[in-house]
Undergrad: 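Take this structure, written in structure tokens, and hold onto it; I'll ask about it next.
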Amino acid sequence: MRLSRYLLKTLRETPADADTANHQLMLRAGMVHQVAAGVYGYLPLAWRALQKIERIVREEMDAAGAQEVRLPALHPIELWQESGRAAGMGDILFKVKDRRGHELVLGPTHEEVITDIVRHSVRSYRDLPLILYQIQTKFRDEPRPRSGLLRGREFTMKDAYSFDAGSEGLDRSYQAMAQAYRNIFDRCGLQTIVVEADSGAIGGKDSQEFMVTAAAGEDELLHCPSCGYAANVEKAAFKKLTPGTTAERPPREKVATPGCATIRDVAALLGVPPERTIKAVLYTDETGGLVFVCIRGDLEVNEVKVKNAFKAKDLRPATDAEIRAVGAVPGYASPIGIRREGVKLAVDDSIVSSVDYVTGANQEGYHYRHVFWDRDFMDKDGKPWLGSAYYQDFAKAQPGHGCPKCGLPLEGSRGIEVGHIFKLGTVYSESMGARYLDTAGQEQPIVMGCYGIGVTRILASAIEQHHDEKGIVWPPAIAPFRVYLVGLNLEQEAIRREADALYDELDKAGVEVLYDDREESAGVKFNDADLIGLPVRLTVSPRNVKQGVVEYKVRTAAKADLVERQRILEKLTPSA
RNA sequence: CGGGGUGUGGCGCAGUUGGCUAGCGCACGUGGUUUGGGACCACGAGGUCGCCGGUUCAAAUCCGGCCGCCCCGACCA
């Protein structure tokens, strides 16, 4: 392709609205055009890269036995009502009305549509297993699109769904997809880590995310350098060390702690370490009920774990008024002596019954000491909470905490979620009636899995992970072109002939080459070459032509080599 | 949705105590001189100053409302 004919305008200055590397570089390299918040047009350079990514995805999916389909973006809302997600996904759904006033959804994902298809075509265990996939535009009305292509309202996703006649089959499909995903990301030149993930309110059991490690990532990850455990912070567990247990149980005692509404103040005043205090964190769920979380003073609450435990759709910090309404006092709250109605009590398993704790007394300026939760947690009628409280893990793992598997300290990092696989089980097949007849002639729900890859996200995260101060450094497999051919002093007829001839030769040989035949100065061309970041740069210039050589420079190399003109093609197409 | 910022040619910005044909750099066109790391000179094209309403002899500038975009948070399969 001749650059003089190509839709590609680079920018010297960085647009003010872009603040992540991928967004800045894609705008500067003339790859994308923003049309609205989170909505982009892909210009030729970006589109070529996307097509390469899609091709890799297709090859690996096909190799894993999946079959490609193409599903509609427009879905009748009834399908979403049937699965229960019309309400469940709420505001994220883009909705449109047709001329008759009938409501339709712009597909944010395709479980409903695919399940609808499969329930109409699969009858018997003989039709299974089946893995179907598509590459499609998805629409999500995100509360906040951001970071260029990393979180858009319209984006390209590869979504695959597996259908099996039992959980062993699902395991096999899941493993096949996991392997295909590893291959895809490796081929795309991405460094990823696979983490255990939260599968959300409607999810099944196993769920893993493929994360591109990058500082701009939205997700917080924890991993263990010694045993390999890795998880999204939403899901991560850790080893909770118990502070010294006590054999005796002194009676509970109220102590004055004026102005000590934080754990730090209370711990300092009473001379106890934070891990011997119990912190109360209060939320209100979508029904208006209060979710009362008790956790050891040195730990933070993981809201996702709380949400999952109570199957809450929505959780927000409770207001002071809501806290007082149940008889608790903000800053001095504990479950001791509060109302029971409308309160769900969550006790983190860091709170061990044999430890002597300090906790709030539900009275301004007072705390209790010598609190043993199994003995002292009682409501206002003196009825024990023990038995009706949820006692499990509600804590947020942090770097430095012990790995749940081997106990050594966990490390933290950030990642961009480029793939997510999980075992759905029979959630959709049951709600939507997708069944098959087993060998005994009995009707069974099909066991499903679903597997997503953010195709546009791969593009953005590849740039996020592979760039330097001058520009993009494309992983070769997804570079829009292989070679950036620079012609210098093309106004000299002899040089232009040489450059044109080299371009034609490479082009005929099937080497993807972008030929900078513009009338620009050397500096402009070299800087654009670095910005666009194709793997190889070739330079034809008067001094090279005189010597019968072409300058050959790999984007990642510090210096260029001079290669004999006749050897260029073989240098670019190594047979061995 | 809460907090913050911002909106002036394609991009980056100035101008905002009300005052003349709204400026600067980059990019763009024409001509000339240059030519290995973002050249120079000359001439030139390009703007409903986000939108609507108000105040005024006069509004990019003051007032009111609305909208877009960006960031933090909430949110988010």
Side-chain angles (χ1 to χ4, degrees), chain A residues 9-20 23-24 27-28 30 33-39 83 85 88-93 107-112 138 140-148 150-153 155 157 159 161 197-204 207-209 216 218-219 232 234-235 283-284 286 303-304 307-308 312-317 319 417 419-424 427-428 449-454 470-471 486-492 495 516 518-531 537 539-546 551 553 560 562:
Chain A
K9 293 292 172 201
T10 59
L11 298 175
R12 291 193 188 186
E13 286 171 291
T14 303
D17 278 349
D19 70 343
T20 48
H23 196 194
Q24 292 178 349
L27 289 172
R28 285 229 292 135
H33 175 76
Q34 181 170 353
V35 175
V39 179
S83 70
R85 292 162 103 195
M89 292 195 60
D91 293 338
I92 205 144
L93 289 179
T109 175
H110 284 71
E111 281 83 2
E112 282 78 2
K138 308 282 186 180
R140 294 183 188 178
D141 195 357
E142 294 284 350
R144 185 148 93 83
R146 72 184 104 185
S147 307
L150 282 182
R151 181 172 291 276
R153 293 142 93 199
F155 56 97
M157 186 171 176
D159 48 323
Y161 307 91
D198 175 62
S199 49
I202 319 184
S207 172
Q208 288 171 300
E209 289 167 333
E218 295 181 295
D219 288 283
N232 192 311
E234 294 180 345
K235 169 86 174 181
Y283 300 94
T284 300
E286 74 279 2
E303 289 182 25
V304 174
K307 245 174 156 171
N308 289 345
K313 286 202 182 84
D314 194 35
L315 218 55
R316 58 168 174 82
T319 63
E417 180 188 352
H420 194 168
I421 59 178
F422 60 95
K423 298 182 180 174
L424 285 174
V427 185
Y428 292 92
C450 86
Y451 317 91
I453 285 182
K470 294 189 159 206
V486 178
L488 296 183
N489 301 102
L490 295 177
E491 71 288 347
Q492 296 177 30
I495 307 303
D516 193 345
R518 297 174 301 172
E519 292 176 18
E520 287 289 352
S521 68
V524 169
K525 292 188 177 188
F526 287 143
N527 279 299
D528 277 348
D530 289 338
L531 174 61
R537 186 187 80 194
T539 306
V540 172
S541 69
R543 74 186 189 199
N544 293 335
V545 167
K546 200 178 296 172
E551 188 178 294
K553 181 179 175 299
L562 296 177

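So that the names make sense, note that chain A is the first sequence line, chain B the second, and so on, each numbered from 1.
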Undergrad: With sequence neighbours excluded, what pairs up with A:Thr10 under the side chain to side chain contact (heavy atoms under 4.5 Å, CB included) test?
TA: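 For A:Thr10 the side chain to side chain contact (heavy atoms under 4.5 Å, CB included) partners, ignoring immediate neighbours, are A:Leu8, A:Asp528, A:Leu531, A:Ile532.
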
Undergrad: Which residues pass the side chain to side chain contact (heavy atoms under 4.5 Å, CB included) test with A:Gln208, sequence neighbours left out?
TA: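 Listed in chain order: A:Tyr174, A:Val194, A:Ile421.
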
Undergrad: In whole angstrom, give me the gap between the P atoms of B:rA77 and B:rC62.
TA: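 So the two P atoms sit 43 Å from each other.
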
Undergrad: Are side-chain heavy atoms of A:Asp141 and A:Leu93 found at a separation under 4.5 Å?
TA: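 No. Closest side-chain heavy atoms not under 4.5 Å.
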
Undergrad: Provide the distance between the two C1' atoms, one in B:rA60 and one in B:rG9, to the nearest whole Å.
TA: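 It works out to 14 Å between them.
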
Undergrad: How would you label the contact of A:Glu111 with the nucleic acid (heavy atoms, under 4.0 Å): base, sugar-phosphate, or nothing?
TA: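 Touches a base.
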
Undergrad: Mind checking what makes side chain to side chain contact (heavy atoms under 4.5 Å, CB included) contact with A:Glu13, not counting sequence neighbours?
TA: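 A:Glu13 satisfies side chain to side chain contact (heavy atoms under 4.5 Å, CB included) with no other residue.
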
Undergrad: Could you run down nucleotides 68-74 of chain B 5' to 3' and tag each one B, S or - for protein heavy-atom contact under 4.0 Å?
TA: -SSBBBB

Undergrad: Quick one: list whatever passes salt bridge (Lys or Arg N to Asp or Glu O under 4.0 Å) with A:Glu520, sequence neighbours left out.
TA: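 Not a single residue meets the salt bridge (Lys or Arg N to Asp or Glu O under 4.0 Å) criterion with A:Glu520.
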
Undergrad: If we take the P atom in both B:rG25 and B:rG18, what is their distance in whole Å?
TA: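 So the two P atoms sit 29 Å from each other.
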
Undergrad: Which whole-number value in Å describes the distance from A:His420 NE2 to B:rA77 P?
TA: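 In whole Å, B:rA77 P lies 11 Å from A:His420 NE2.
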
Undergrad: Does this structure show an ion pair linking A:Lys470 with A:Asp530, if we count only N-O contacts that are shorter than 4.0 Å?
TA: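 So A:Lys470 pairs with A:Asp530 through a salt bridge.
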
Undergrad: Does the structure show a Watson-Crick or G-U wobble partner for B:rG46, both distances under 3.5 Å? Name it, or say none.
TA: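 Result: none.
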
Undergrad: Take the protein atom CZ of A:Arg140 and the nucleotide atom C1' of B:rC75, then report the distance between them rounded to whole Å.
TA: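 For the pair A:Arg140 CZ and B:rC75 C1', the rounded distance is 14 Å.
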
Undergrad: Write down the distance separating the C1' atoms in B:rG7 and B:rC52, rounded off to the nearest Å.
TA: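 Comparing C1' positions in B:rG7 and B:rC52 gives a spacing of 16 Å.
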
Undergrad: Across all strands, who's sitting opposite B:rA60 as a Watson-Crick or G-U wobble pair, both distances under 3.5 Å?
TA: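 Check on B:rA60: unpaired, no WC or wobble geometry under 3.5 Å.
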
Undergrad: Atom CG of A:Asp91 to atom P of B:rC76: distance rounded to whole Å?
TA: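 Taking CG of A:Asp91 and P of B:rC76, I get 10 Å after rounding.
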
Undergrad: Taking the same atom, C1', in B:rG46 and in B:rG23, what whole-Å distance lies between them?
TA: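 That atom pair is separated by 14 Å.
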
Undergrad: Might you point out which heavy atoms bring A:Leu315 and A:Ala312 nearest each other, and give the distance in Å?
TA: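 What the structure gives for the nearest pair is CD1-CB, 4.1 Å.
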
Undergrad: Please name the nucleotide paired to B:rG10 by Watson-Crick or G-U wobble geometry with both distances under 3.5 Å, or report none.
TA: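 Across any shown strand, B:rG10 pairs with B:rC26.
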
Undergrad: With rounding to the closest Å, how many angstrom separate the P atoms on B:rG15 and B:rU6?
TA: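 Nearest-Å result for B:rG15 against B:rU6 at atom P: 12 Å.
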
Undergrad: For A:Val427 and A:Leu424, work out which heavy atoms get closest and say how close.
TA: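 Closest pair (atom of A:Val427, atom of A:Leu424, distance): CG2-O, 3.2 Å.
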
Undergrad: Need the pair for B:rG18. Rule: Watson-Crick or G-U wobble, both distances under 3.5 Å, any strand; none if unpaired.
TA: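 B:rG18 is paired with nothing.
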
Undergrad: Would you kindly give the CG-to-P distance between A:Asp141 and B:rA77, to the nearest whole Å?
TA: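 Nearest whole value for this atom pair: 13 Å.
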
Undergrad: Using atom C1' of each nucleotide, how far apart are B:rU8 and B:rU55 to the nearest Å?
TA: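 Roughly 23 Å separates the two C1' atoms.
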
Undergrad: What does B:rC51 pair with, Watson-Crick or G-U, if both distances are under 3.5 Å?
TA: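 Across all strands, the one nucleotide that pairs with B:rC51 is B:rG65.
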
Undergrad: Give none if B:rG2 has no partner; otherwise give the nucleotide forming a Watson-Crick or G-U wobble pair with it, both distances under 3.5 Å.
TA: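 Across all strands, the one nucleotide that pairs with B:rG2 is B:rC72.
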
Undergrad: Given side chains that start at C-beta, do those of A:Thr539 and A:Asn544 come closer than 4.5 Å, heavy atoms only?
TA: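 Yes. Closest side-chain heavy atoms under 4.5 Å.
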
Undergrad: Would you indicate, yes or no, if B:rC76 has its OP1 or OP2 atom less than 4.0 angstrom from a side-chain nitrogen or oxygen of A:Lys138?
TA: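 For A:Lys138, the contact criterion (side-chain N or O under 4.0 Å from OP1 or OP2 of B:rC76) is not met.
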
Undergrad: Go ahead and name the base partner of B:rA39; Watson-Crick or wobble counts if both distances stay under 3.5 Å, otherwise write none.
TA: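 Across any shown strand, B:rA39 pairs with B:rU33.
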
Undergrad: When you compare B:rG38 with B:rG31, how far apart are their P atoms, in angstrom units rounded to a whole number?
TA: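 It comes out at 25 Å once rounded to the nearest Å.
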
Undergrad: What is the minimum heavy-atom distance between A:Gly152 and A:Glu142, and which atoms define it?
TA: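 So the minimum-distance heavy-atom pair works out to O-CG, 3.7 Å.
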
Undergrad: Looking only at non-hydrogen atoms, find the nearest pair between A:Glu111 and A:Cys450 and report the distance.
TA: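 Nearest heavy atoms, A:Glu111 then A:Cys450: OE2-SG, 3.5 Å.
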
Undergrad: Take nucleotides 27-41 of chain B nucleotide by nucleotide from the 5' end and write B, S or -, depending on whether a protein heavy atom sits under 4.0 Å from the base, only from the sugar-phosphate, or from neither.
TA: SS------BBBBS--

